2 protein chains.
Amino acid sequence: MSYQLLLDNISKCISLPKDEEDYFVSLLKIKKVKRKQFLLQEEEVQKQAIFVTEGCLRGYAIDKNGFEHILQFAPPGWWIADMNSLLNQEPGILYIDAIFNSEVLLLSKTDQDELFIRIPGFERFFRILSERSFASYQYRMVDSLSLSALERYHNFCKLYPSLIECLPQKQVASYIGVTPEFLSAILNKKISAK
Amino acid sequence: MSYQLLLDNISKCISLPKDEEDYFVSLLKIKKVKRKQFLLQEEEVQKQAIFVTEGCLRGYAIDKNGFEHILQFAPPGWWIADMNSLLNQEPGILYIDAIFNSEVLLLSKTDQDELFIRIPGFERFFRILSERSFASYQYRMVDSLSLSALERYHNFCKLYPSLIECLPQKQVASYIGVTPEFLSAILNKKISAK
DNA sequence: CCCTCCTCTTAAACTATCTTAAGATTTTCT
DNA sequence: AGAAAATCTTAAGATAGTTTAAGAGGAGGG
């Protein structure tokens with residue numbers, strides 16, 4: 001049951017015979033992750049790609065003053081990883097932990113490399129996945145360069161309507177790159193100005 | 001001669017028989033681009049992926065107040081595109097133009113799709129390319145969330161030592177996300193403080 | 001070669017965002 | 001349920017970065 005979401009996503013890009021699907025599933029490890037439990041910490045090497053089936057994870061960095069900066073949320077159906085660490089198998093800079101009790105599928109780097117050789121269709125699947133991630137980071141970077149905090153907040157609401165309801169406002173502030181106090185201030189100022 | 005840089009890059013990821021290489025090269029169009037000439041403007045659809053062989057291009061957005069925000073520089077050996085526009089063949093938000101007189105290779109979206117079917121090795125090549133771009137945007141986004149303007153400037157110098165010498169300071173300011181006046185101020189303040 | 005345009009610098013006034021702090025409220029853990 | 005921890009709000013004072021303006025120097029185009 002846990003695999004269905006991922007298999008559905010894959011079948012939107014490529015068609016897999018049953019035996020290849022079974023082989024792929026055999027490479028995945030199911031893992032339950034409790035709220036606040038880490039899947040990765042700074043300086044560790046990201047050994048597996050992570051696919052979320054239940055709950056929600058987050059990826060963030062901690063700056064030299066100890067402040068968290070959330071780079072990504074990963075609700076069900078999303079992949080998450082310190083991509084540079086995963087690709088080059090070198091120490092990363094991200095922390096990944098669970099916001100709610102969650103369930104994830106893990107695909108190790110070595111199994112993934114093997115998968116590309118045995119089933120070239122996965123080469124295509126992960127190409128498409130990477131292209132889309134790349135494209136969305138490109139636009140997010142433009143937003144970060146050209147929009148105000150309030151505009152970035154509205155963007156976030158449009159892009160992740162389901163997340164905005166269940167996330168503490170503090171974490172949304174961290175994602176859009178402002179302090180929780182400032183986000184609170186601009187949101188409440190807006191209402192009274194209206 | 002124009003193709004050599006690209007073919008060398010490709011051969012670092014995959015090995016291509018001569019006939020496949022010839023087929024690939026037959027899909028490429030060479031184009032000379034004069035300083036300030038556009039290859040893409042906002043609202044246009046990105047029909048081709050662009051590979052730079054000489055000179056330097058830049059990709060940028062213009063905000064509602066008319067200010068430019070440079071997302072990427074593309075010296076020789078780099079690809080550049082409004083990735084979302086290229087992928088989905090819908091209107092984009094980026095401008096792409098030449099900083100110096102340049103030469104580029106163009107690979108159209110339709111030819112690229114055809115290429116993936118005829119030569120699966122290119123599926124791998126572009127997967128790796130996208131993964132790396134994705135990884136570097138991830139880290140750049142972390143920098144943008146957690147570093148000061150001066151730190152982002154130093155990062156830029158480390159990452160693009162060759163660019164820093166030939167780019168007007170104004171464009172570096174635009175890339176790191178500050179006004180040219182402010183970059184000038186922090187750079188000169190630093191010297192006198194020392 | 002000259003003129004124009006672009007770039008760099010400096011400085012003062014302004015604005016967005018941060019810091020600190022404290023109280024009120026909500027959520028989590030036992 | 002009750003204690004402990006995290007979150008949200010508000011406000012005052014501080015800082016990073018912007019705006020505007022003006023002058024000097026450099027580079028590109030005819």
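Just so it is clear, the values below take in all heavy atoms, side chains as well, and ignore hydrogens, waters and symmetry mates. A quick note: this is a predicted structure, and the numbers were derived from the prediction, not measured. Residue numbering restarts at 1 for every chain, and letters A, B, ... go by the order of the sequence lines.
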query: Are side-chain heavy atoms of A:Ile30 and A:Val104 found at a separation under 4.5 Å?
result: no
message: Set out, in order, the CA-CA distance, both residues' side-chain angles and the distance that settles salt bridge (charged side-chain N to carboxylate O under 4.0 Å, His left out) for B:Glu123 and B:Arg127, then state yes or no.
response: CA-CA 6 Å; B:Glu123 199 84 72; B:Arg127 170 183 60 83; over 6 Å; no
field: Residue pairs involving residues 7-44 of chain B (criterion ring-ring contact (aromatic ring centres under 6.0 Å, His included); sequence neighbours excluded)
entry: B:Phe24-B:Phe122
When the distance from [atom1] of [X] to [atom2] of [N] is rounded to whole Å, what number comes out?
X: A:Lys34; N: C:dC29; atom1: NZ; atom2: P; value: 10 Å
X: B:Asp63; N: C:dA16; atom1: CG; atom2: C1'; value: 15 Å
X: A:Asn101; N: C:dT28; atom1: CG; atom2: C1'; value: 12 Å
X: B:Lys189; N: C:dC8; atom1: NZ; atom2: P; value: 18 Å
X: A:Leu187; N: D:dA11; atom1: CG; atom2: C1'; value: 17 Å
X: B:Leu167; N: C:dC8; atom1: CG; atom2: P; value: 10 Å

task: Under the side-chain contact (heavy atoms from CB on, under 4.5 Å) rule, collect the residues that match up with B:Ser174, sequence neighbours excluded.
output: B:Ile70
- line: 5' to 3', nucleotides 16-30 of chain D under a 4.0 Å protein heavy-atom cut-off (B base, S sugar-phosphate only, - none) gives -BBBBB---------
message: When the axes are fitted on five pairs at both termini, how much does the helix from C:dC1-D:dG30 to C:dT30-D:dA1 curve, in 10° steps?
response: 70°
query: Looking at A:Gln169, does any N or O in its side chain come under 4.0 Å of the phosphate oxygens OP1/OP2 on D:dT9?
result: yes
Contact under 4.0 Å: B:Asn188 side-chain N or O vs C:dC8 OP1/OP2: no
task: Classify the angle between the aromatic ring planes of B:Tyr95 and B:Tyr60 as parallel (below 30°), tilted (30 to 60°) or perpendicular (above 60°).
output: parallel
field: Minimum heavy-atom distance B:Ile80-B:Ile96, with the two atoms named
entry: CG1-CD1, 4.1 Å
query: Which residue pairs satisfy the side chain to side chain donor-acceptor pair (under 3.5 Å) criterion with at least one member in residues 78-92 of chain B, sequence neighbours excluded?
result: A:Tyr139-B:Asp82, B:Asn84-B:Glu90
message: Would you say the ring centers of B:Tyr160 and B:Phe73 fall short of 6.0 Å from each other?
response: no
- request: Hey, could you give me each pair passing salt bridge (charged side-chain N to carboxylate O under 4.0 Å, His left out) that has a residue in residues 91-109 of chain A? Not counting sequence neighbours.
  value: A:Lys32-A:Glu103, A:Arg58-A:Asp97, A:Lys109-A:Asp113
